[in-house]
Asks: 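Sending over a structure as structure tokens; questions will come in a sec.
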Amino acid sequence: MQVNKELVKKAKNGDTCAFGQLYELIYKELCKYAFYCLGNNEDVKDVVSEAVLDAFKSIKSLKNPDAFEAWMFRILSAKCKRKLAGYVDKTLEFNDAFNTNEPAHISDPANTVVEDVALERAFKALNPIDRQIVSMSTFAGFNSKEIGELLGMNKNTVRTRLSRALESMRTYLR
């Protein structure tokens, strides 16, 4: 998706309506990306809100108006990483409380279709970086070069990790 460069320039100059319009343009993509990283609607609302608030506060520091969308996803990505780190801590606390070695599983009771559950499990079985790469590619529509820039990786590394992650999911689903 290409956002309007003029809207970005207006937002950089303090036009809150312009920022609101930019937010409306990418809100669904931000939420999709966060959901597929986190898998929890409440956390999605939290991280998207935090990311948008941070972006609003620091939009004047954005140097290239063409990079607005990538900049927003970079902020959101950092918020998702922080939230995922919190999941690990909560899982460890949960497992300690019940003296079990099994990982805690957070599921959405609305997902009753077997294929959806299997796909969700295959996705969640990926490590956090690979999950993020798959999300950015599949759900947010970024190419390997853009993902590499956002995550500080070589585009070829991104392609390799994406390919391996998708193959891992295929194997899981067999």
Side-chain angles (χ1 to χ4, degrees), residues 1-88 106 108 110-111 116 119-120 122-124 126-166 169:
M1 171 197 309
Q2 194 73 343
V3 297
N4 184 323
K5 202 186 226 182
E6 292 307 312
L7 276 178
V8 177
K9 288 179 182 178
K10 287 179 182 178
K12 282 183 58 128
N13 290 327
D15 186 335
T16 57
C17 290
F19 187 87
Q21 289 176 312
L22 290 168
Y23 172 68
E24 285 179 27
L25 289 173
I26 65 170
Y27 175 75
K28 286 181 183 177
E29 284 76 21
L30 294 174
C31 289
K32 272 195 260 182
Y33 172 76
F35 182 78
Y36 285 102
C37 282
L38 304 173
N40 179 309
N41 282 327
E42 294 304 314
D43 288 343
V44 167
K45 291 175 189 173
D46 290 345
V47 296
V48 170
S49 295
E50 290 172 16
V52 170
L53 185 61
D54 284 0
F56 181 73
K57 289 178 182 176
S58 61
I59 187 124
K60 291 181 182 183
S61 69
L62 178 64
K63 291 180 174 84
N64 180 1
D66 289 330
F68 175 78
E69 189 176 7
W71 177 72
M72 277 297 308
F73 273 94
R74 193 174 307 117
I75 293 170
L76 181 60
S77 176
K79 298 290 181 191
C80 288
K81 280 183 189 177
R82 234 175 266 125
K83 187 61 82 173
L84 285 170
Y87 285 175
V88 171
I106 301 169
D108 181 358
N111 277 337
D116 289 346
L119 184 59
E120 179 183 351
F123 182 73
K124 288 184 176 181
L126 298 173
N127 71 52
I129 299 283
D130 290 343
R131 210 170 30 239
Q132 196 169 20
I133 290 170
V134 169
S135 294
M136 293 175 96
S137 172
T138 307
F139 309 116
F142 286 107
N143 64 40
S144 57
K145 180 182 177 197
E146 293 167 328
I147 295 169
E149 289 170 0
L150 289 168
L151 299 179
M153 293 179 166
N154 181 292
K155 68 180 179 182
N156 295 325
T157 302
V158 170
R159 268 192 288 249
T160 300
R161 289 188 77 139
L162 177 61
S163 175
R164 288 181 182 163
L166 293 174
M169 288 179 68

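When reading the values below, keep in mind they use all heavy atoms of this one structure, side chains included, and skip hydrogens, waters and symmetry mates.
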Asks: As a quick check of understanding, evaluate side-chain contact (heavy atoms from CB on, under 4.5 Å) for Met153 and Ile133, giving each step before the final call.
Replies: CA-CA 11 Å; Met153 293 179 166; Ile133 290 170; 4.0 Å; yes

Asks: When rounded to the nearest 0.5 angstrom, what is the spacing between SG in Cys31 and CD1 in Ile26?
Replies: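 If we round to the nearest 0.5 Å, Cys31:SG and Ile26:CD1 are 10.0 Å apart.
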
Asks: Counting C-beta onward and ignoring hydrogens, is there a side-chain heavy-atom pair between Val48 and Tyr33 closer than 4.5 Å?
Replies: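 No, too far: nothing below the 4.5 Å cut-off.
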
Asks: Taking all non-hydrogen atoms of both residues into account, name the closest pair between Leu126 and Ala165 and its distance.
Replies: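 Reported closest heavy-atom pair: CD2-O, 3.6 Å.
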
Asks: Measuring from atom CZ of Phe73 to atom CD1 of Ile147, what distance do you get when rounded to the nearest 0.5 angstrom?
Replies: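 Phe73 CZ to Ile147 CD1: 10.5 Å, rounded to 0.5 Å.
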
Asks: Check Arg131 against Lys124 and note the closest heavy-atom contact, atom names and distance.
Replies: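 Nearest pair, atom of Arg131 first, then Lys124: NH1-O, 3.0 Å.
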
Asks: Could you tell me whether a side-chain N or O of Ser49 sits under 3.5 Å from a main-chain N or O of Lys45, the two making a donor and an acceptor?
Replies: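 Yes; judged by distance alone, with no hydrogens or angles, the pair exists.
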
Asks: side-chain contact (heavy atoms from CB on, under 4.5 Å) for Gln21 and Asn4? Distances and angles first, verdict last.
Replies: CA-CA 10 Å; Gln21 289 176 312; Asn4 184 323; over 6 Å; no

Asks: Please find the pair of heavy atoms, one from Leu162 and one from Ser137, that lie closest to each other, and give the distance.
Replies: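 That would be CD2-OG, 3.5 Å.
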
Asks: Kindly indicate, with the supporting measurements, whether the criterion side-chain contact (heavy atoms from CB on, under 4.5 Å) is fulfilled by Leu62 and Val8.
Replies: CA-CA 9 Å; Leu62 178 64; Val8 177; 3.8 Å; yes

Asks: Could you list all the salt bridge (charged side-chain N to carboxylate O under 4.0 Å, His left out) pairs where at least one residue sits in residues 141-155, not counting sequence neighbours?
Replies: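 Residue pairs passing salt bridge (charged side-chain N to carboxylate O under 4.0 Å, His left out), neighbours aside: none found.
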
Asks: What heavy-atom pair brings Leu38 and Cys80 nearest, and what distance separates the two atoms?
Replies: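 Closest approach of Leu38 to Cys80: CD2-O, 3.8 Å.
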
Asks: Determine the minimum heavy-atom distance between Ser58 and Trp71, stating which atoms define it.
Replies: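 Scanning both residues completely, I find the closest heavy atoms to be OG-CZ2, 3.5 Å.
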
Asks: Enter the distance from Glu50:CD to Asp43:CG here, rounded to the nearest 0.5 Å.
Replies: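 With rounding to 0.5 Å, CD (Glu50) is 9.5 Å from CG (Asp43).
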
Asks: Return the set of residues passing salt bridge (Lys or Arg N to Asp or Glu O under 4.0 Å) with Lys10 (not counting sequence neighbours), or none when no residue passes.
Replies: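 Lys10: no salt bridge (Lys or Arg N to Asp or Glu O under 4.0 Å) contacts found.
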
Asks: Quick check for you: to the nearest 0.5 Å, what is the distance between Met72 atom CE and Ile75 atom CD1?
Replies: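 If we round to the nearest 0.5 Å, Met72:CE and Ile75:CD1 are 5.5 Å apart.
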
Asks: About how many Å separate NZ of Lys28 and NZ of Lys32, when rounded to the nearest 0.5 Å?
Replies: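 Here the rounded value is 8.0 Å.
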
Asks: Where is the tightest heavy-atom contact between Leu22 and Leu7, given as atom of each residue plus distance?
Replies: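 Residues Leu22 and Leu7, closest heavy atoms: CD2-CB, 3.7 Å.
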
Asks: Within this structure, what is the CD1-CG distance for the pair Ile59 and Asp54, rounded to the nearest 0.5 Å?
Replies: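 One gets 12.0 Å once the value is rounded to the nearest 0.5 Å.
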
Asks: Take Phe35 and Ser135 through the test side-chain contact (heavy atoms from CB on, under 4.5 Å) and record every step on the way to the result.
Replies: CA-CA 9 Å; Phe35 182 78; Ser135 294; over 6 Å; no

Asks: Please check this pair: side chain of Ser163 against backbone of Arg159, looking for a donor-acceptor N/O pair closer than 3.5 Å.
Replies: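 Such a contact is absent between Ser163 side chain and Arg159 backbone.
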
Asks: Contact between Lys81 and Ser77 at the side-chain level, heavy atoms closer than 4.5 Å - yes or no?
Replies: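 Side-chain contact under 4.5 Å: yes.
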
